[in-house]
Novice: 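I have a structure here, written as structure tokens, and I will follow up with some questions on it.
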Protein chains: 2
Amino acid sequence: MLKQDTTLISDDTQVSHLHKVKSTSADKTSTTLADQILVQIQTSIIKGELPAGSKINEQALAEKYGISRGPTREALHTLERQRLVVRSPHVGARVAQLTVSELNDLYQLRSVLEGMACELAASRITPEQLAKLEDLLACQDAALAKGDTYFQEEGDVDFHYQIIQASGNKHLQETLVGGLYHLLRMYRYQCTNKNRPVKAIAEHRRIVEAIAQRDGELASLLMRRHIEQGRKNTELRLIELQANAAAKETLANIS
Amino acid sequence: MLKQDTTLISDDTQVSHLHKVKSTSADKTSTTLADQILVQIQTSIIKGELPAGSKINEQALAEKYGISRGPTREALHTLERQRLVVRSPHVGARVAQLTVSELNDLYQLRSVLEGMACELAASRITPEQLAKLEDLLACQDAALAKGDTYFQEEGDVDFHYQIIQASGNKHLQETLVGGLYHLLRMYRYQCTNKNRPVKAIAEHRRIVEAIAQRDGELASLLMRRHIEQGRKNTELRLIELQANAAAKETLANIS
DNA sequence: AAATATTAAATTGTCAACAATGATGCGGTT
DNA sequence: AACCGCATCATTGTTGACAATTTAATATTT
């Protein structure tokens, strides 16, 4: 009857939940249960703890997080929208597969969309938003100086995110942030490359400069090039990764 | 209301499967129940039977189609992905609202995406796909001659759909068809304009010509102009519509 | 022994009841 | 009369059981 999710979520259910606790645990006032596990499954997928292409068992997943299949199902539905999961009726959900052709499709689309975002941002960005972007650049420089690679990754996400926000186009935002971005993060996380950041930050700076000068055409061009650089990088790592996997496969078949 | 979709479920449980029929997706029987009502709610929303901006009651909707709240909920979730519904936790679902600014955002995004689709289609389209497109143009001419406006509407959807397919970019397809297209249809249905088709068909023809000549740049340009024409048209009708609604509102307030 | 038909198991889809939250209406106070 | 707190109601979120379907495992036939 009582939920046993104490291990993963919070174990404040110990002593006095005489009152319907209302979950006043200060931090986040319980949105919906589905949304809570959504982010957890998200990160599990992005980090590869749930391997790309693997089957997802609703029951097992639900039990893992100590909840019922209902919310789990809804989370999977949202993950499908985010392109992290593929579902087929009566068969179930699988983690998205990482392939070269899909990577190219994805980046091609992203390039066009973020190019568009840059053009819009150049004409619409507010001084506050611009200041925030420049702060971010400074942060990235500082992080780079300390060699903090993961924060750099996070910073890159923020950079693109803020430009998308500055575009002011609601549907563009929804398409990128709600639709493509998570899958993008998955590719980048699993095909990460150490020596890229230093160049990427320089490119970021030039993009912001173009936006600040209200030169949308230039900003768009620089952004598309920047993304193309990222694509090449990721593609290389992905091919390498898949070659390794194939080798391991044949090795297993021999033995 | 009793469910009368029992007729939809075929009783072919007897042995007549010589081969594993692999179930071509055109088969409408035995999908999931949620998918079946999804299309019904879809059309209800697009046609305005469920008015834009109105609240959706899960229970009532479920009863209307003679099913339980579970599948209804899933359908609403899919409708959210299609931008036809907006959901907020613990509050519920509303039909998307039709506003001028959203219309502009939507068409701006669509313009960029279908422009991209044209460029890709110009370089990748197969002879079969091209033949199908030209067949469609002929069909549209014929329908126009008979003054069959609704079929024209449907034909226009098909036209854009086929070019999107010919682009060959999976994520682009998913973004347009799975994401934006239904909302687009809603705007166009509720802000329809009679005298547009005749010009639109001519524009279609020129776009196909450009694609056939492998001139992606031109095809993209023509498509973006074509869409811009549609946007203007829809915007005009929408403003008109909202002015009427506002007038009726004030009238009601007086009495 | 290989391939196919049949049965059994595991998994997804659906339902109806229950819990938790937001919305509504009432009564009291200023 | 308007505002605020409180109780009630309606609606959404969640659960566990059940039905339908797919996947696997087994038996059967050629």
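Protein chains get the first letters and strands the later ones, always in sequence-line order, with residue 1 at the start of each. Computed from a predicted model, the values in this text were never measured in an experiment.
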Novice: Given atom CD of B:Gln36 and atom P of D:dT21, what is their separation to the nearest angstrom?
Specialist: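 Atom-to-atom, B:Gln36 to D:dT21, this comes out as 11 Å.
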Novice: Using heavy atoms to find the nearest nucleotide of DNA chain D for A:Pro89 and A:Ala34 separately, return the residue whose nucleotide is more 5′.
Specialist: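 Checking each residue's closest nucleotide, the 5'-ward one belongs to A:Ala34.
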Novice: Using a cut-off of 6.0 Å, state whether more than 12 heavy atoms not belonging to A:Tyr161 lie near its atom OH.
Specialist: no
Novice: Side chains of B:Thr43 and B:Arg185: do they bring a donor and an acceptor to under 3.5 Å?
Specialist: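 Checked: B:Thr43/B:Arg185 side chains show no N/O donor-acceptor pair below 3.5 Å.
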Novice: Would you indicate what B:Leu76 reaches in the nucleic acid, counting non-hydrogen atoms under 4.0 angstrom: base, sugar-phosphate, or nothing?
Specialist: nothing
Novice: Once you round it to whole Å, what is the distance between C1' of D:dA20 and CZ of A:Arg69?
Specialist: 12 Å
Novice: Could you tell me how far apart A:Lys55 (NZ) and C:dT11 (P) are, to the nearest whole angstrom?
Specialist: 7 Å
Novice: Taking the side chain of A:Asn57 as heavy atoms from C-beta outward, which of C:dT14, C:dT12, C:dG22 is closest to it?
Specialist: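 Minimum distance to the A:Asn57 side chain belongs to C:dT12.
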Novice: For A:Tyr65 and D:dT15, give me the distance from atom OH to atom P, rounded to whole Å.
Specialist: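 That distance rounds to 15 Å.
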Novice: What nucleotide among D:dT15, C:dC15, D:dT12 has an atom nearest to a side-chain atom of A:Pro71?
Specialist: D:dT15
Novice: Using only side-chain N and O atoms of B:Thr32, determine if any of them is under 4.0 Å from OP1 or OP2 of C:dT14.
Specialist: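 Answer yes for this pair, as a side-chain N or O of B:Thr32 is under 4.0 Å from OP1 or OP2.
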Novice: As a test of reading the structure: which of C:dT14, D:dT14, C:dA23 is closest to the side chain of B:Val91, going by heavy atoms?
Specialist: C:dA23
Novice: With a 4.5 Å heavy-atom cut-off, do B:Thr78 and A:Arg81 have their side chains touching?
Specialist: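 Heavy-atom side-chain distance check fails, nothing below 4.5 Å.
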Novice: Side chains of B:Tyr65 and B:Thr72: does their closest heavy-atom pair fall under 4.5 Å?
Specialist: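 No - every pair of side-chain heavy atoms lies 4.5 Å or more apart.
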Novice: Where the side chain of A:His90 is defined as all heavy atoms beyond and including C-beta, which of D:dT23, C:dG22, D:dT21 is the nearest nucleotide?
Specialist: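 Closest of the options to the side chain of A:His90: D:dT21.
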Novice: Between atom CG in B:Leu61 and atom P in D:dT11, what is the gap in whole Å?
Specialist: 13 Å
Novice: Provide, to the nearest angstrom, the distance between the CG atom belonging to A:Leu33 and the P atom belonging to C:dA19.
Specialist: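 In whole Å, C:dA19 P lies 16 Å from A:Leu33 CG.
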Novice: Could you tell me the separation between the CD atom of B:Gln59 and the P atom of D:dA10, rounded to a whole number of Å?
Specialist: 12 Å
Novice: When you get a sec, tell me which of D:dT15, D:dT11, D:dT14 is the closest nucleotide to the side chain of A:Ser68?
Specialist: D:dT15
Novice: Using atom CD of B:Glu74 as one end and atom C1' of C:dT12 as the other, report the distance to the nearest whole Å.
Specialist: 10 Å
Novice: A:Gly70 near the nucleic acid: base, sugar-phosphate alone, or nothing, with a heavy-atom cut-off under 4.0 Å?
Specialist: base
Novice: May I ask you to check whether A:Arg83 and A:His182 show a side-chain donor-acceptor distance below 3.5 Å?
Specialist: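 Not at all, the side chains of A:Arg83 and A:His182 share no donor-acceptor pair under 3.5 Å.
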